Chemist: 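First, the structure itself, so that you have it in front of you.
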Amino acid sequence: MQRVQAVLDVDLPGARISRHLYGHFAEHLGRCVYGGFWVGEDSPVPNEGGIRLDVVEALRALDIPNLRWPGGCFADTYHWRDGIGPREQRPRMVNSHWGDVVEDNSFGTHEFMALCDLLGAAPYVSANVGSGTVREAAQWIEYLTRADDSPMARLRRANGRDQPWSVPFWGLGNEPWGCGGGMGAGAYAELARQFGTYSLDHGDNRLYRIAAGAADADYRWTEVLMQNLGRYLGDGEVTGHGKNTYQAISFHHYTIVGSTWENKGSATDFDIDEYYRTMLKARDVERIIAGHATVMDAYDPGKRVGLVLDEWGTWFDVEPGTNPGFLFQQNTMRDALVASVHFDAFHRHADRLVMANIAQTVNVLQAMLLTDGDALVLTPSYHVFAMNKGHHDAASLPLNVRGAAPARQVGEQELSTFSASASTKDGQVLISLTNLDAQRSTEVEIDVRGAVAGAPAGKLLTAEEVCAHNTASSTPVRVRDLDAVHLHGSTLRVTVPAHSFATVSFPAVG
Ligand code: AHR
């Protein structure tokens with residue numbers, strides 16, 4: 001048994017935790033779009049206009065705030081005009097990044113917007129900067145968001161949609177240093193300014209333009225993008241030629257262990273050493289967020305430019321026998337804990353980090369959902385998103401551990417095996433607690449200050465084994481009520497079993 005003593009200050013609310021930190025990502029990759037979201041109108045799988053209804057229902061239960069589409073690497077090969085009009089007449093293309101398969105474009109702009117409507121999620125559309133033109137991107141925005149009889153609005157009407165859609169989030173390409181064009185930071189920054197300049201606000205649609213950012217800890221990339229944006233002045237004005245061209249900068253960080261790219265390790269078959277190394281990598285996200293934030297602070301102390309982590313999650317070897325280009329992997333209790341420690345880091349940096357998108361929602365990488373024919377599997381990661389829903393748009397709260405937190409040595413590095421964060425909204429406090437220790441439970445004692453706490457309720461996500469995972473025929477990883485939560489005066493006592501994630505909520509009167 002490990003012990004942790006912590007202090008929670010309910011009367012010291014910090015930054016708002018944007019619900020967009022719980023965003024998602026759907027790329028034309030493997031079975032994410034096709035088979036995952038989209039089955040087509042003639043499918044025996046229950047669907048609305050071709051969109052799988054079981055997937056919609058499961059994701060609605062998460063209140064997913066936004067969905068990024070169509071990529072990823074695919075975005076910089078995608079030409080949106082191929083994905084509108086009668087499906088049988090849409091041109092085909094080769095999905096060169098993902099399996100070299102032929103894409104028939106049956107899922108395009110109208111289908112994506114219908115999906116977002118069904119989900120109640122805000123669309124985050126990534127424009128093709130790598131192989132597309134500024135005109136093409138500008139016309140896509142006009143097609144999506146313009147109300148009058150402009151040429152693109154007319155084209156949209158001819159394709160059956162009268163009213164413009166609302167598109168709040170607009171991505172300026174993806175990984176321009178790699179699959180998105182193989183550019184240097186300076187060349188991309190110029191291009192981002194150019195694309196951003198012609199990414200217009202039509203009517204009352206306001207685009208939040210997100211420049212494609214760094215891989216992991218490439219802080220220089222962020223610095224170049226900040227330099228090119230211009231400098232914010234105290235009165236809220238921005239100087240320089242980057243004015244209004246992009247409002248946020250993204251970066252990507254995957255949890256990848258394993259010795260080489262060809263050997264990233266199995267998603268389900270791993271030993272304890274590999275488990276702890278995965279956790280080290282996952283916890284590293286906090287250092288990287290802080291690194292980008294520090295660079296941005298130097299140029300934008302008022303924190304007007306957002307930092308967006310629009311791809312994150314685990315990346316293991318594909319499941320044996322599946323297409324290597326489809327990135328299909330199972331999802332275990334280990335993945336759930338990777339997610340929960342990411343969210344704690346996100347909550348602590350909510351003053352700068354405004355959005356994050358897990359890669360990817362269905363059947364690809366660290367998925368929420370796996371489909372198997374007409375069966376649907378909720379992964380352990382799904383449950384972390386569900387249990388943390390109360391943090392959406394809540395005020396973060398300081399939760400500090402007294403003394404040394406439990407830790408263990410992993411190779412040369414020390415891994416802190418306890419992680420927690422808290423927030424408050426509508427008179428309720430929500431605490432998230434992760435015990436990364438594979439064998440020992442952790443007894444947590446929290447001194448609740450600044451408010452009178454009411455009766456607590458807890459939920460627990462755990463399994464016998466850290467490699468436990470759910471399938472269509474068995475669900476060993478499930479959420480249950482956590483009985484081991486007690487309030488004595490202002491002291492909350494919670495026991496979190498080994499390799500588990502728990503949440504505790506209680507009303508608080510100030
Ligand atoms: O999510 C899979 C791929 O990972 C994306 O297409 C790309 O942006 C990243 O390298």
Side-chain angles (χ1 to χ4, degrees), residues 23-37 66-78 93-101 103 107 112 124-132 169-183 188 192 210-218 221 248-258 260-262 264 267 281-282 285 288 308-319 322-331 335 338-339 342 355-370 379 381:
H24 288 262
F25 173 32
E27 181 167 11
H28 288 237
L29 193 179
R31 295 189 302 114
C32 183
V33 168
Y34 297 109
F37 282 110
N66 68 71
L67 185 62
R68 178 175 183 247
W69 173 84
C73 294
F74 180 79
D76 284 298
T77 62
Y78 182 64
M93 64 176 284
V94 173
N95 190 337
S96 51
H97 289 296
W98 306 119
D100 204 32
V101 293
E103 156 76 53
F107 188 91
F112 173 66
Y124 172 6
V125 178
S126 283
N128 179 347
V129 169
S131 70
F169 303 116
W170 188 251
L172 304 172
N174 173 75
E175 298 191 352
W177 38 265
C179 64
M183 289 170 247
Y188 170 70
I210 301 168
D216 302 304
D218 183 356
W221 188 281
I249 295 173
S250 74
F251 76 104
H252 292 173
H253 175 66
Y254 283 97
T255 299
I256 303 174
V257 278
T260 60
W261 186 251
E262 287 65 42
K264 294 181 285 300
K281 191 77 202 282
V285 73
I288 297 172
V308 170
L309 172 55
D310 52 15
E311 287 185 28
W312 68 273
T314 56
W315 194 324
F316 300 116
D317 293 340
V318 297
E319 292 305 312
T322 65
N323 187 327
F326 282 13
L327 310 187
F328 175 69
Q329 66 190 40
Q330 248 294 356
N331 193 293
D335 294 78
V338 166
H342 272 71
M355 186 193 277
N357 303 74
I358 186 139
Q360 298 189 7
T361 319
V362 196
N363 292 333
V364 169
L365 298 176
Q366 189 175 349
M368 302 295 100
L369 304 171
L370 305 177
T379 66
S381 300

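When a residue number appears, it is its place in the shown sequence, counting from 1. From a predicted model like this one, the values you see are computed outputs, not experimental measurements. Whatever order the structure lists them in is the order used to number ligands and atoms, beginning at 1.
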Chemist: Taking the six-membered ring for Trp, are H342 and W312 parallel (under 30°), tilted (30 to 60°) or perpendicular (over 60°)?
Modeler: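 Answer is parallel, since the angle falls under 30°.
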Chemist: Under 4.0 Å from a heavy atom of Q360: which atoms of ligand 1 are those, numbered in the order shown and with their elements?
Modeler: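 Result: 1 (O), 2 (C).
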Chemist: What atoms of ligand 1 come within less than 4.0 Å of a heavy atom belonging to C73?
Modeler: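 Going through ligand 1 atom by atom, the ones under 4.0 Å from C73 are 5 (C), 6 (O), 7 (C), 8 (O).
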Chemist: Is a donor from one side chain sitting under 3.5 angstrom from an acceptor on the other, for D335 and S381?
Modeler: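 No, S381 and D335 have no side-chain donor paired with an acceptor closer than 3.5 Å.
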Chemist: Between the side chains of Q366 and Y254, does any donor sit under 3.5 Å from an acceptor?
Modeler: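 No - no donor-acceptor pair under 3.5 Å links their side chains.
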Chemist: Less than 6.0 angstrom from the centroid, inside 45 degrees of the normal: does R31 satisfy that with respect to the ring of F328?
Modeler: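 Checked: cation-pi criterion met.
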Chemist: Going by the order shown, which atoms of ligand 1 are within less than 4.0 Å of some heavy atom of G72?
Modeler: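 Checking each atom against G72, I get 5 (C), 6 (O), 8 (O).
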Chemist: Can you find a pair of side-chain heavy atoms, one from W69 and one from F74, that are under 4.5 Å apart?
Modeler: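 A side-chain contact under 4.5 Å is absent here.
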Chemist: For ligand 1, is any non-hydrogen atom under 4.0 Å from W312's backbone (N, CA, C, O), its side chain (CB onward), both, or neither?
Modeler: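 No part of W312 is near ligand 1 at this cut-off.
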Chemist: L365 heavy atoms, cut-off 4.0 Å: which ligand 1 atoms fall inside?
Modeler: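 Within the 4.0 Å cut-off of L365, ligand 1 contributes 1 (O), 2 (C).
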Chemist: Say you draw a straight line from CZ of F326 to CD of E319; how long is it, rounded to the nearest 0.5 Å?
Modeler: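 Between F326 CZ and E319 CD, I get 15.0 Å after rounding to 0.5 Å.
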Chemist: Under 4.0 Å from any heavy atom of E175, which atoms of ligand 1 are there?
Modeler: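 Result: 7 (C), 8 (O), 9 (C), 10 (O).
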Chemist: If we check ring pair (Phe, Tyr, Trp, His ring centres under 6.0 Å) with H28, which of these qualifies: Y34, F112, F37, W98?
Modeler: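 When ring pair (Phe, Tyr, Trp, His ring centres under 6.0 Å) is applied between H28 and each of Y34, F112, F37, W98, only Y34 qualifies.
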Chemist: Counting from 1, what ligand 1 atoms have a heavy atom of F25 closer than 4.0 Å?
Modeler: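 Checking each atom against F25, I get 1 (O).
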Chemist: Compare every heavy atom of A75 with every heavy atom of N128, then report the nearest pair and how far apart it is.
Modeler: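 Smallest interatomic distance, heavy atoms only, reads CB-O, 3.2 Å.
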Chemist: Distance to 0.1 Å, residue and atom name: give those for the protein heavy atom nearest to atom 3 (C) of ligand 1.
Modeler: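 For atom 3 (C) of ligand 1, the nearest protein heavy atom is W98 CZ2, 3.6 Å.
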Chemist: Is N174 in polar range of ligand 1, meaning some N or O pair under 3.5 Å apart?
Modeler: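 N/O-N/O distance below 3.5 Å exists for this pair.
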Chemist: Under 4.0 Å from ligand 1, counting heavy atoms only, is it the side chain of V364, its backbone, both or neither?
Modeler: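 It is neither part, as no heavy atom is under 4.0 Å.
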Chemist: Identify the closest protein heavy atom to atom 9 (C) of ligand 1: which residue and atom is it, and at what distance?
Modeler: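 For this ligand atom, the closest protein heavy atom is E311 OE1, 3.0 Å.
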Chemist: Does ligand 1 have an atom under 4.0 Å from some heavy atom of Y254?
Modeler: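 For ligand 1, residue contact (heavy atoms, under 4.0 Å) with Y254 is present.
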